[in-house]
K.L.:
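One structure is given below, represented as C-alpha cells, and several questions about it will come after.
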Amino acid sequence: MSPSHQLPKNYDIEEVERRWQSAWRDEDNYFDPASSKPRFIIDTPPPYPTGNFHIGNALNWCYIDFIARYKRMRGYNVMFPQGWDCHGLPTEVKVEETYGITKNDVPREKFREMCRDLTLSNIEKMRATMRRLGFSTDWSHEYITMLPDYYRKTQASFLQMLKAGDIYQSEHPVNFCTRCETAIAFAEVNYAPRTTKLNYFDFDGIEIATTRPELLAACVAVAVHPEDERYRGMKGKRLTVPIFGHQVPVIEDVVVDPGFGSGAVMICTFGDKTDVYWWKQHDLDLRKAIDRQGVMTATAAPYAGMSSEACREAILRDMEEAGILKRQEVLEQRVGTCWRCKTPIEILSERQWFVRVHQDEILDAARKVSWTPEHMFTRMENWANSMEWDWCISRQRIFATPIPVWFCTACGETVLPAEEDLPIDPTVDKPKTPCPRCGGSDFTGETDVLDTWMDSSISVLHVTGWDGTGKPPFFPAQIRPQGHDIIRTWAFYTILRAKALVGSHPWDQILVNGMVLGEDGFKMSKSRNNIISPEEIVGQYGADALRQWGAGGAATGSDIMFNWNDVVAASRFQTKLWNIFRFVMGHLDSGTESPAPVTELTDRWLLVRLSETVAEVTAAMEGYQFDRALRAIREFAWNTLADDYIEIAKGRLYADDSSRESACSALRTTMDVLCRLLAPIIPHFAEECYHNLAGRSVHEEAWPDFSYADDEARRHGDLLVKTVAELRRYKHDKGMALNAPLGHVMIYAPEPIDDAGDAGRALAADARWSTGTPRLEEVTSGVDFNMAVIGPALRKQARGFMEAVRALPPEQLKNPPATVTVAGEDIPVPPGSFTPKVAYRVAGEEVDVLTLGDVVVTIGHSS
RNA sequence: GGGCUUGUGGUCUAGCCGGUCAUGACGUCGCCCUUACACGGCGAAGAUCCCCGGUUCGAAUCCGGGCAGGCCCA
C-alpha cells in the first residue's frame, strides 16, 4: 500500500500563507444582499488611516475574522466590511509638518486635497497589512468617510437631526484648543499632571488664590461658601478688580471649597468647568479675555495682544510692583489638554453646533444590546451619567465633512440644501433658491466642519444599507466589535445617532476587546520603546501564529500583554500539527470513497474524544471565547490525538492488520473535523491541510456537527490510555527505552476489554487483558475519600466520619458497613463516599505490580 | 478623587455560580535520535493561589477590609 501523498517535511509558513492569500478570491467573502441565509452584519471599526495597522488593530481584527469565518461556516450570510475614518486633526497636522505650512497658507480645497492624498496612500499601506494577516474582509463593502458617497450620508444625517431639533447652534462655552484653533468635545480632552503656582493676592481687601492670574480681566464675580464665617455678610457687595478696575459682585455658592486657598475664589469666563457652572447658576456677565489663538483681547488691555503666558508673567510682575501679590505656593494639578497636540485647553464661549444628549434614551438603547464582557456596559453607563454638556460637533478646521448650511447675509436666516443636492461644500456651492425668509440671494457658507465622530457614528447605518433617510434595510447590525477605550466615544455616539435617526439600538451585540500592552506590561508607546508591529511578527512566524496569539493570549475582553513566547509556541503547534497531518496522510489510502466502519476500541475512543472537543469548541466560539476554543483544540490535537491515540494505534497502522481500516477511517474523520475547527483561527494552515485531505477549500465547508457517543469506548479507552501511560512511566523508571521489549504483561480490569492488540504493540510487550483476579497478596493500605459526596451529605460530621472510616478494619473498607459510629452516634455511610487504597504484594513469583485504581498490572521479568 | 478591572510556580496564563494531589505554555533538570515530529517524546523539580479577617465540614474560588498594578475618566 503506497502512501497517497508526499508532503514536504517542513511546513514553510511564508510560502504556504502567501500561496493561499493569492489563491483566495475576494468574491468568496462578499455579503449577498439577495441571499435567504440569515444575515450576520459586522459593524467593523473604521480605523484612522495613519498608515500603520498596529497590533491593537490586529487583535481587534483577529476577533472579527474569527467571528466572520465561524459564522460563514455556520451558514450565515456574513458582511465583514472595512471602513476608513479619514477626517480629523492628525492628518492635517501631518500635512502641515510634511509641507512645512499651516492650514491657512494654502486655499482650503488645496489643503483638503493634500490631506486626501496622504490618506489614500496610508489606506493602501494598511490594506496590505490586513491582507497579509489573512482577514476575510468583504472588500466590496469598503467605505471611506472622506469620499462623497459617504459624507453625503454624514451631511444627510446632520440635516435630519437638525430638522428634528436634535442639533442646534448656540453660543456656549466649549473646550477649545488654541493651537489647533478649534473647539473639541469632552471626549477629546485628556488630563495631564502639571506643576504650577498658586498666587495669593489682595482683591479689593479680600485675599484670593488663583492659578490663572492672566484671567483677571475676565473676572466676573467673587464667590465664597455661604457658611464661611470669614466672609459673613459679604454677599451682594461689589468689589473692584485690581489692575482692571471693573466692578464685580460677591456671590455665595456651596460648591466653593472653603479649604482651598483663602476660601474666596474669583470666577472668570472661563478658567475651568466650574466657572461655567457658576456663570450659568448666577447669570453672570461674559468677559472674553482670550481669543481663539490664545491671545489676550482688548478686554485685557493693557495686556491685549500678549500670549496668555506672557500676560500671566506681566500681571504677576505688575501685582508685585503694586504690592498686592502676597505670596506664591507650588501646586500639583491636573490640566485638560488637547488629545492631539497636548496643548492645555481653554474654555471659550463660542457660537458652535451641538447635538442634544438624551442620557436616558441612550442608556435604554444600550441596555437592549448584549454586552461581552458584561461589565463593559458599566463603563457606558458611567460615562452617560457623567455628561453635563451637550456634544459639541463643530470644529474650526478644514479636513472634515463640511456643515451643510448657509447664512443669509441680509436677514441671518440659516438656509439648508435639499437632500438630493448633497453632498455640498457651503464655502464653494451656493443655495439654488433665494432665502426663504427675506428672499435675499447673498449667502455666507458655514466654514465650520463636523467632528469626525459625526462621520464614524453612522458607520452602522452605512453598512446596513442606509441611503440617507428612513430605516436601513438590514438594520440593526448583528455585532459591533471594538476596544474599551472608545466606549465613551464611538459606542456612545453610535447609539445616540441610531436612536435619533432610526429610533432604536444599532446592534444586537457588542464585543469589547482589551488593549494590547507591551512585553513590559505597559501600554505600547514610542517613549517606552516597547512597540511591536504586526509585520515584525508575521515576518518571523507568519499570520497564523499571530492569529493564535490573538486567540489564546488572554480571555476575550481583558487586556493582553504581547508575548513572543506565545507566538513561538503557536508556531510550534503548527509544526506539530503538520507532522501529525503528514503521518496520517502517509497512511490513508488514496481515493477512499467508502470509508470502512470504525470498529476498534482505540479508534472509537478517539471519535468520542473528538466529538467532545467539537462540542467544547463550538460552545466557546458561540460565546466568543476564542482562548477556550483554541485551548480545547490544542489539547485534543497534541495530547489526545498525537501523544495518546497515535502512539497507541500506530502499530496497527504499520501492521497491515485487518483492523487497520478502522484506524484509517477514524483518522480521516478526525483530520477532516480538526481542519474545520482550525479554519477560523488559522485559515492558511487549515486550508493547506484540508486541500491535501479533501481537495477542496475548508472555507467553503460547514462547521462540523460531528457527534459520536460510545460510553464503553470512552471508559475502556481512558483505561487503556492510562495503563499505557503507567507502563511507559514504569519503563522510564527502570531506565528502559520506550521501545524496549517488556515481556509478559497481564492487565486485570473489572470489565472485559478488547484493544485489538494495541497495548501490546504500543509497549512492545506480550500484553493480555483479563477480568480475573491476580493471585497476589492484597493489602489494603489506606482509604481515599470523595469530598464531593461526603461534604454535602454529612456537613459538620464530615471530619468525624472520616476519622471513623480510617479506623475501620481493611475488610470493611472493601465492603463498607451500613453505618459507622461517630461520637457515639451511628450515622449512615453515603454510597461512594470512599474507596480503599489497595496495594499488592508479590507472592513468590518474580513479577512487578502496578495498580491504577481498580486495574492491576503484572509485568513478568522474562518473556 | 471616582468608576471598571486584575493580582495564581522564575515568567506568562487557565480555573474563580466552593469539593480529592491547582491547568497549560516558556524556562530549568534528567533520560531517550522509539520507521510523523529533537521546533520531538518520556519523566522530574518548582506555588504562603497579594495580605488580613469573615462565611463554610471545606475557599484560589463567596463576603468585608487592606496593599499593589492596569485602563477609563473627574
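Throughout, a chain's letter reflects where its sequence line sits, starting with A, and its residues are numbered from 1.
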K.L.:
Which is true for Arg729(A) with a 4.0 Å heavy-atom rule: it touches a base, it touches only sugar-phosphate, or it touches nothing?
P.N.:
sugar-phosphate

K.L.:
Quick one: label Ile790(A) by what it contacts on the DNA or RNA (base, sugar-phosphate, nothing), any heavy atom closer than 4.0 Å.
P.N.:
nothing

K.L.:
Checking contacts here: which listed nucleotide (U5(B), G19(B), C39(B)) is nearest the side-chain heavy atoms of Arg795(A)?
P.N.:
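Nearest to the side chain of Arg795(A) among the choices is G19(B).
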
K.L.:
Provide the closest heavy-atom pair for Tyr63(A) versus Ala555(A) in the form atom of the first, atom of the second, distance.
P.N.:
OH-O, 4.4 Å

K.L.:
Taking the P atom of each, how far is C51(B) from C32(B), in whole Å?
P.N.:
41 Å

K.L.:
Cation-pi check for Tyr645(A) against Arg609(A): NZ or CZ below 6.0 Å from the six-membered ring centre and within 45 degrees of the axis, yes or no?
P.N.:
no

K.L.:
At 4.0 Å (heavy atoms only), tell me whether Ala555(A) reaches a base, stays on the sugar-phosphate, or touches nothing.
P.N.:
sugar-phosphate

K.L.:
Pick out the pairs of N or O atoms, protein on one side and nucleotides 23-26 of chain B on the other, that lie under 3.5 Å.
P.N.:
unit_1	atom_1	unit_2	atom_2	d
C26(B)	OP1	Arg572(A)	NH1	3.4
C26(B)	O2'	Asn565(A)	OD1	3.1
C26(B)	O2'	Asn565(A)	ND2	3.2

K.L.:
Heavy atoms only, 4.0 Å cut-off, all strands: where does Arg379(A) land among base, sugar-phosphate and nothing?
P.N.:
base

K.L.:
Using a 4.0 Å heavy-atom cut-off, does Thr378(A) contact any base of the nucleic acid, only the sugar-phosphate backbone, or nothing at all?
P.N.:
sugar-phosphate

K.L.:
Charged N to carboxylate O under 4.0 angstrom, Asp718(A) versus Lys722(A)?
P.N.:
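Salt bridge between Asp718(A) and Lys722(A), a charged N being under 4.0 Å from a carboxylate O: no.
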
K.L.:
Mind calculating the distance between CZ (Arg628(A)) and C1' (G15(B)) to the nearest angstrom?
P.N.:
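Answer to the nearest Å: 8 Å.
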
K.L.:
How many Å lie between CG on Leu630(A) and C1' on C12(B), as a whole number?
P.N.:
15 Å

K.L.:
Report which part of the nucleic acid Gln574(A) touches: base, sugar-phosphate, or nothing (heavy-atom distance under 4.0 Å, all strands).
P.N.:
nothing

K.L.:
Please determine if Arg480(A) forms a cation-pi arrangement with Trp490(A), meaning its NZ or CZ atom is less than 6.0 Å from the six-membered ring centre and no more than 45° off the ring axis.
P.N.:
yes

K.L.:
Which of the following nucleotides, U5(B), C42(B), C71(B), is nearest to the side chain of His484(A)?
P.N.:
C71(B)

K.L.:
Write down the atom of Leu363(A), the atom of Asn385(A), and the distance for their closest heavy-atom approach.
P.N.:
CD1-OD1, 3.6 Å

K.L.:
Which part of the nucleic acid, if any, lies within reach of Asn563(A) when heavy atoms closer than 4.0 Å are counted: base, sugar-phosphate only, or nothing?
P.N.:
sugar-phosphate

K.L.:
Consider the side chain of Leu517(A), meaning its heavy atoms from C-beta on, and name the nucleotide among C57(B), A14(B), G70(B) that approaches it most closely.
P.N.:
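My answer, after comparing the listed nucleotides, is G70(B).
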
